[in-house]
Amino acid sequence: MSRRTFRISDWVTAQDPGTSAEFAVICRSSDGDRLCGWEFRVLDDKELAEQQQRDHMADTSHSRFWEHSRYPTIVTAPPLVASRITRRERASR
């Protein structure tokens with residue numbers, strides 16, 4: 001079997017379909033000389049993370065937060081190009 005190199009400049013980055021996104025909210029307000037430290041993390045539910053942030057603000061009057069979101073990604077050829085690569089690979093067998 002010969003080895004081929006495909007040079008494609010228009011790769012696509014997408015969320016990995018087999019994984020979950022993570023959303024986190026971290027309070028950065030301070031009580032005197034120390035940070036609050038409250039945090040909340042959840043998978044696939046940004047609305048819940050925002051609600052928890054609002055609830056924490058209502059309970060403590062803290063109004064400064066860090067919001068983090070992480071998405072596991074994959075880099076792949078665009079669907080049209082990927083189908084061409086697959087057809088070429090089948091034809092060369």
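The structure presented is a predicted model; accordingly, all values stated were derived computationally and were not measured. Along the sequence shown, residues are numbered consecutively beginning with 1.
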Who pairs with [X] by side chain to side chain donor-acceptor pair (under 3.5 Å), at least two apart in sequence or on another chain?
X     : answer
Arg28 : none
Glu22 : Arg70
Asp55 : Gln51

Exercise. Sequence neighbours left out, what passes ring-ring contact (aromatic ring centres under 6.0 Å, His included) with Phe40? Give chain and number order.
Key: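 Once residues adjacent in sequence are excluded, Phe40 has no partner under the ring-ring contact (aromatic ring centres under 6.0 Å, His included) criterion.
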Exercise. Could you tell me which residues satisfy ring-ring contact (aromatic ring centres under 6.0 Å, His included) with His62, sequence neighbours excluded, listed by chain and number?
Key: His56
Quiz item: Between Ala49 and Val25, what is the shortest heavy-atom contact and its length?
Solution: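 What the structure gives for the nearest pair is O-CG2, 3.6 Å.
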Exercise. Considering non-hydrogen atoms only, spot the tightest contact between Val42 and Asp45 and give its length.
Key: CG1-O, 3.3 Å
Exercise. Please assess Glu39 against Phe65 for the test side-chain contact (heavy atoms from CB on, under 4.5 Å), listing each intermediate value before the final yes or no.
Key: CA-CA 9 Å; Glu39 69 178 72; Phe65 296 88; over 6 Å; no
Exercise. Enumerate the residue pairs fulfilling salt bridge (charged side-chain N to carboxylate O under 4.0 Å, His left out) with a member in residues 57-68, sequence neighbours excluded, ordered by first and then second residue.
Key: none
Quiz item: What pairs with Arg34 under salt bridge (Lys or Arg N to Asp or Glu O under 4.0 Å), at least two apart in sequence or on another chain?
Solution: none
Quiz item: With no hydrogens and no angle check, is any side-chain donor or acceptor of Asp16 less than 3.5 Å from a backbone partner on Thr19?
Solution: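 Answer holds: no.
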Exercise. With sequence neighbours excluded, tell me which residues meet side-chain contact (heavy atoms from CB on, under 4.5 Å) with Ala21.
Key: Gln15, Phe23, Asp44, Tyr71
Quiz prompt | Ser61: partners by side-chain contact (heavy atoms from CB on, under 4.5 Å), with sequence neighbours left out | solution = none
Quiz item: Is there a side-chain contact between Pro17 and Ile74, using heavy atoms and a 4.5 Å cut-off?
Solution: yes
Quiz prompt | Connected-component partners of Ile26 among ILVMFWY, side-chain separation under 4.5 Å | solution = Trp66
